[in-house]
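So the structure is just underneath, and the comments pick up after that.
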Amino acid sequence: MPKSDPEIAQGAFKLYDAYAHGAMSRRDFLDGLKAYAIGGLTVSVLAAALMPNYATAQQTEAGDSRLVEDDVLYASPDGAGEMSGYLVRPAGAETPRGGVLVIHENRGLNPHIRDVARRAALAGYVAFAPDALHPLGGYPGTDDEGRTLQRQRDGREMLQDFIAGAHFLRDHPACSGQVAAVGFCYGGAVANQLAVRLDWLAGSVPFYGGWPDPENAEAVRVPLQIHLAALDDRVNAGWPVWRDALDAADAPYQVFMYEGAQHGFHNDTTARFDPEQAELAWSRTLDFFDRVLTA
């Protein structure tokens with residue numbers, strides 16, 4: 001949905017950010033939107049624009065003949081025990097390809113993240129997107145339910161599930177053994193943590209995710225490509241501390257700040273989507289994968 005249709009005030013975006021990250025109830029979110037329901041806009045129109053719409057925003061299609069798609073199980077002995085994920089790879093590939101671990105937001109493996117995994121596979125990689133909600137029955141069909149379920153999981157166990165997912169992808173016969181990660185919001189925070197914990201990772205691309213403890217910067221030897229939205233005050237507040245820690249540790253990173261962009265600007269299912277900035281960020285991400293996964 002184009003971000004100018006309808007015109008949404010910054011305060012409404014901030015309300016949605018608080019609601020989407022568990023800092024506000026749905027009732028309070030809708031009540032707060034009343035202040036921005038002006039000029040012909042209603043609360044229901046505003047809410048619909050801010051909420052994800054998967055039916056109109058898929059850039060790829062499931063069942064694309066150029067891809068091989070599977071929902072697979074894998075072991076996560078230090079996490080949930082058994083996990084599942086969406087494995088996508090180019091059809092007809094005769095040699096192993098670099099792997100891309102795609103890490104979802106705080107609502108499970110929804111249609112948007114499956115779409116992102118297919119985009120990575122169409123770029124020539126073996127993409128794997130774990131679903132942290134598998135132990136609770138999997139993504140339930142709506143983001144509201146998904147957020148509720150994900151809050152029931154233990155954060156440390158979920159991190160272990162994604163670490164196990166990285167190992168699963170690395171060892172898969174379709175993968176060359178070189179793996180990079182990309183994650184969004186909660187997934188961006190996990191992508192940062194993987195850079196701390198997996199020194200064998202080829203690279204990590206966190207989109208507007210939370211930051212590790214600065215004391216852990218010494219462990220980062222994995223190349224990082226960090227994408228931040230200029231209007232994302234909540235996440236950006238922690239960036240200077242992590243940046244200074246990375247600099248002090250001489251850790252390899254590059255950072256891109258997208259002016260005028262909201263938290264979640266890469267997600268094309270909501271009004272936060274910024275088409276130009278998202279395209280630029282994804283092109284930079286693919287260039288990064290080309291460097292670290294084909295060396």
Is the closest side-chain heavy-atom distance between L33 and L15 below 4.5 Å? yes
Measure the CZ-CD distance between F289 and Q178 for me, rounded to the nearest 0.5 Å. 12.5 Å
D78 side, atom CG; D161 side, atom CG - distance, nearest 0.5 Å: 9.5 Å
Please check if V68 and Y86 belong to a single hydrophobic cluster, counting links between Ile, Leu, Val, Met, Phe, Trp and Tyr side chain heavy atoms closer than 4.5 Å. no
Can you list everything that forms a salt bridge (charged side-chain N to carboxylate O under 4.0 Å, His left out) with D31? Sequence neighbours excluded, please. K34
Mind checking salt bridge (charged side-chain N to carboxylate O under 4.0 Å, His left out) for D250 and listing every partner two or more places apart, or none if nothing turns up? none
With a 4.5 Å heavy-atom cut-off, do R27 and L30 have their side chains touching? no
Taking the side chain as every heavy atom from C-beta outward, state whether P111 and Q58 have any pair of such atoms under 4.5 Å apart. yes
Donor-acceptor check, side chain of N106 to backbone of A20, threshold 3.5 angstrom: yes or no? yes
For Y258 and F265, I'd like to know if the aromatic rings sit close, meaning centre-to-centre distance below 6.0 Å. yes
Closest approach of A129 and I113, non-hydrogen atoms and distance? CB-CG2, 4.2 Å
Any residue meeting salt bridge (charged side-chain N to carboxylate O under 4.0 Å, His left out) with E145, in chain and number order, not counting sequence neighbours: none
In terms of heavy-atom contacts, I38 and A35 come closest through CG2-O, 4.2 Å
Strictly below 4.0 Å, N to O, side chains only: are D115 and R119 in salt-bridge contact? yes
Can we say D70 and R89 salt-bridge, meaning some charged N sits less than 4.0 Å from an Asp/Glu carboxylate O? yes
Could you measure the distance from the CG atom of N110 to the OG1 atom of T269? Nearest 0.5 Å is fine. 7.0 Å
Are L224 and P206 close enough that some pair of their side-chain heavy atoms sits under 4.5 Å apart? yes
Charged N to carboxylate O under 4.0 angstrom, R118 versus D64? no
Please give me the minimum heavy-atom distance between G183 and A191, naming the atom from each residue. N-CB, 4.1 Å
Just verifying a value: how many Å separate L73 CG and H134 NE2, rounded to the nearest 0.5 Å? 5.5 Å
Looking only at heavy atoms, which two atoms of C175 and G98 are closest? And how far apart? SG-C, 4.4 Å
Just distance, no hydrogens or angles: give the donor-acceptor pairs under 3.5 Å from side chains in residues 207-220, sequence neighbours left out.
unit_1	atom_1	unit_2	atom_2	d
Y208	OH	H266	N	3.3
W211	NE1	V235	O	2.9
D213	OD1	E215	N	2.8

Could you tell me whether the side chain of L133 reaches within less than 4.5 Å of the side chain of Q150, counting heavy atoms only? yes
When you group the ILVMFWY residues by side-chain heavy-atom contacts below 4.5 Å and let the links chain together, are L231 and L280 in the same group? no
Do R107 and D131 meet the salt-bridge criterion of a basic N to acidic O distance under 4.0 Å? no
Kindly give the heavy-atom pair with the smallest separation between A261 and A229, and that separation in Å. O-CB, 3.3 Å
Any side-chain heavy atom of Q225 sitting closer than 4.5 Å to one from Y253? no
Does E69 use its side chain to pair, donor to acceptor, with the backbone of G63 at less than 3.5 Å? yes
With a 4.5 Å cut-off on side-chain heavy-atom distances among I, L, V, M, F, W and Y, is there a chain of contacts connecting I8 to M51? yes
Within the distance-only criterion (no hydrogens, no angle test), does the side chain of R272 pair as donor or acceptor with the backbone N or O of H263 below 3.5 angstrom? yes
Backbone N/O of A174 and side chain of H172: donor-acceptor pair under 3.5 Å: yes
Verify whether one side chain among Q262 and Q10 offers a donor that lies under 3.5 Å from an acceptor in the other. yes
How about H104 and H112: are their ring centres within less than 6.0 Å of each other? no
Sequence-distant partners of R156, salt bridge (charged side-chain N to carboxylate O under 4.0 Å, His left out), two or more places apart: D154
Shared hydrophobic cluster for L293 and V205 (ILVMFWY, side-chain gaps under 4.5 Å): yes
How many angstroms lie between CG in L46 and CD in E7, if you round to the nearest 0.5 Å? 11.0 Å
Look at the side-chain heavy atoms of Ile, Leu, Val, Met, Phe, Trp and Tyr, link any pair under 4.5 Å apart, and say whether Y54 and L50 land in one connected group. no
Charged tip of R147 within 45° of Y19 ring normal and under 6.0 Å: yes
Tell me, do V255 and R243 make a side-chain contact under 4.5 Å, heavy atoms counted? no
Other than W200, which residues form its hydrophobic cluster under the rule that side-chain heavy atoms must be closer than 4.5 Å? V72, Y74, M83, L87, L101, I103, V126, F128, M158, L159, F162, I163, F168, L169, V179, Y186, V190, L194, L198, L201, V222
Under a 4.5 Å cut-off applied to non-hydrogen side-chain atoms, are P90 and R66 in contact? no
Could you check D274 against E259 for side-chain contact (heavy atoms from CB on, under 4.5 Å), going step by step and ending with a plain yes or no? CA-CA 10 Å; D274 187 314; E259 294 303 321; over 6 Å; no
For A230 against G260, the heavy-atom pair lying closest together: CB-N, 3.9 Å
Rounded distance [0.5 Å steps], CH2 in W242 versus CH2 in W239: 9.0 Å
